[in-house]
2 protein chains.
Amino acid sequence: MLKLSKKTDYALMAVQYMASKGTARIVNTKEIAEEYNIPVELLAKVLQKLGKKGLIVSQNGPKGGYVLAKSSTDISVLSVIQAIEGHVGITECYHNEDSTCMQMPRCNIRTPLRNIQNSIYGLLDSMSIEDMKEFGSATIVPQSRLNGHRT
Amino acid sequence: MLKLSKKTDYALMAVQYMASKGTARIVNTKEIAEEYNIPVELLAKVLQKLGKKGLIVSQNGPKGGYVLAKSSTDISVLSVIQAIEGHVGITECYHNEDSTCMQMPRCNIRTPLRNIQNSIYGLLDSMSIEDMKEFGSATIVPQSRLNGHRT
DNA sequence: CCAGTCGCCGACTAAAATAATCGGACTTAG
DNA sequence: CTAAGTCCGATTATTTTAGTCGGCGACTGG
Ligand code: FES
Ligand code: FES
């Protein structure tokens with residue numbers, strides 16, 4: 001449930017890796033792939049997508065590779081995720097206009113789930129790559145309305 | 001990304017539906033299935049799972065069906081989700097002990113992602129079925145550390 | 001006490017999403 | 001010129017999810 005795809009994992013690792021080298025250092029696909037045991041061709045596509053989304057910039061030719069397009073503090077985790085996964089939601093019918101969902105007419109979970117989704121988005125958007133690096137720990141838990149349900 | 005399975009959707013709808021009738025009223029699978037256009041057989045399994053997890057109680061025989069096992073304020077959204085999806089995490093390697101993940105040795109996203117996951121869990125756990133019913137609106141967004149990244 | 005309604009369960013198939021691979025074109029430093 | 005790199009679409013393999021089927025067991029009302 002709520003699982004990120006491997007491609008997204010790869011994207012996050014790659015971005016984080018680039019962040020760890022400065023903006024000066026240019027890094028290529030193979031280098032990252034070997035560092036994390038990722039199939040090169042697959043990682044290549046991931047990086048290309050990130051490139052197209054403007055999160056990283058590419059340099060062709062020998063000695064080419066990628067560098068972050070901006071400071072790691074200015075790249076949100078959400079932007080990386082969305083770059084790879086596109087804009088999908090927490091539920092099948094993304095709660096958009098064009099839903100073919102059979103339970104639309106009577107759906108009773110549409111609105112509340114959208115709110116939950118927004119909360120999650122807010123959380124992911126509030127966290128930058130730099131943040132990920134820094135606090136591998138730290139709690140960003142929303143304390144509002146948290147007063148102990150739990151089964 | 002981060003998508004809940006249809007089964008989970010069905011579970012949430014069903015639970016919400018039961019909550020909307022009181023604990024007095026016993027409701028059967030067919031009734032819910034028809035209300036929301038859900039394939040009966042599939043919904044049946046979902047309800048059985050919820051039963052086994054103790055979220056709802058079943059009544060056999062004719063005039064049988066299900067009722068919530070406790071007040072809708074005491075059933076968290078998280079518990080429903082976990083009842084159906086089991087205990088899976090935001091990433092492939094659930095960040096547990098037994099991961100076969102190839103990038104374990106050097107993984108740089110393990111800890112931060114676990115934190116994000118915990119935040120999400122906290123959010124889902126803090127919301128009850130009753131809450132879902134009430135505020136189809138309302139914001140539970142964590143405002144901490146939210147100061148505008150966004151690409 | 002028997003018949004029909006309902007829950008219970010596991011195995012099965014179908015469909016879709018994801019992961020990974022392949023083949024070939026384009027770009028550029030040396 | 002050429003080798004090292006990015007770029008891109010198409011294809012396949014694998015896994016996950018969605019939905020189906022068939023039979024058993026529990027109960028209740030007649
Ligand atoms: S599940 Fe599709 S509209 Fe709610
Ligand atoms: S992705 Fe598997 S350990 Fe981090």
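Computed from a predicted structure; not experimentally measured. In what follows, every chain begins at residue 1, and chains take the letters A, B, ... in the order their sequences are listed.
- For the OP1/OP2 pair of dG5(D) and a distance below 4.0 Å, the side-chain nitrogens and oxygens of Thr29(A) include no atom meeting the criterion.
- Taking every side-chain heavy atom of Asn60(A) into account, dT6(D) is the closest of dA18(D), dC27(D), dT6(D).
- Regarding contacts with the backbone of dC8(C), a side-chain N or O of Tyr66(B) is found under 4.0 angstrom from either OP1 or OP2.
- The nearest whole Å value for the distance from the CG atom in Asn37(A) to the P atom in dA19(C) is 17 Å.
- Judged purely by atom type and a 3.5 angstrom limit, Gln117(A) uses its side chain to pair as donor or acceptor with the backbone of Ile90(A).
- Here the side chain of Glu130(A) pairs no donor or acceptor atom with the backbone of Thr73(A) at under 3.5 angstrom.
- Straight-line distance from the CD atom of Gln59(A) to the P atom of dG30(C): 10 Å, rounded to whole Å.
- Here the side chain of Asn37(B) pairs no donor or acceptor atom with the backbone of Gln103(A) at under 3.5 angstrom.
- Whole-Å rounding puts the Leu42(A) CG to dA17(C) C1' distance at 14 Å.
- In this structure, of dT28(D), dA18(D), dA29(C), it is dA18(D) that holds the atom nearest to the side chain of Lys6(B).
- Atom C1' of nucleotide dT5(C) and atom CD1 of Ile26(B) are separated by 13 Å, given to the nearest angstrom.
- Nucleotide dT17(D) holds its C1' atom 11 Å from the NZ atom of Lys3(A), rounded to whole Å.
- A salt bridge does not link Lys30(A) to Glu35(A): none of the charged nitrogens lies less than 4.0 Å from a carboxylate oxygen.
- Ion pairing of Glu85(A) with Lys3(B) is absent here, as no side-chain N (NZ or NE/NH1/NH2) approaches a carboxylate O to less than 4.0 Å.
- Gly65(B) comes within contact range of the sugar-phosphate backbone alone, with a heavy-atom separation under 4.0 Å but no base atom that close.
- Among dC9(C), dG9(D), dT27(C), the nucleotide with an atom closest to any side-chain atom of Lys52(B) is dC9(C).
- Here the nucleotide nearest the side chain of Gln48(A), chosen from dA19(C), dG19(D), dC8(D), is dC8(D).
- Regarding Glu34(A), its CD atom lies at a distance of 14 Å from the C1' atom of dG5(D), rounded to whole Å.
- Distance from the side chain of Glu41(B) is smallest to dT20(D) among dG7(C), dT6(D), dT20(D).
- One interatomic measurement links the two molecules: NZ of Lys7(B) to C1' of dT20(D), which rounds to 12 Å at whole-angstrom precision.
- Atom pair Leu4(B):CG and dT16(D):P shows a separation of 17 Å (rounding to whole Å applied).
- Of the residues near DNA chain D, Ser58(A) and Lys63(A), the one whose nearest nucleotide (by heavy atom distance) lies more toward the 5' end is Lys63(A).
- Ranking dT28(D), dA10(D), dG7(C) by closeness to the Lys45(A) side chain, first place goes to dA10(D).
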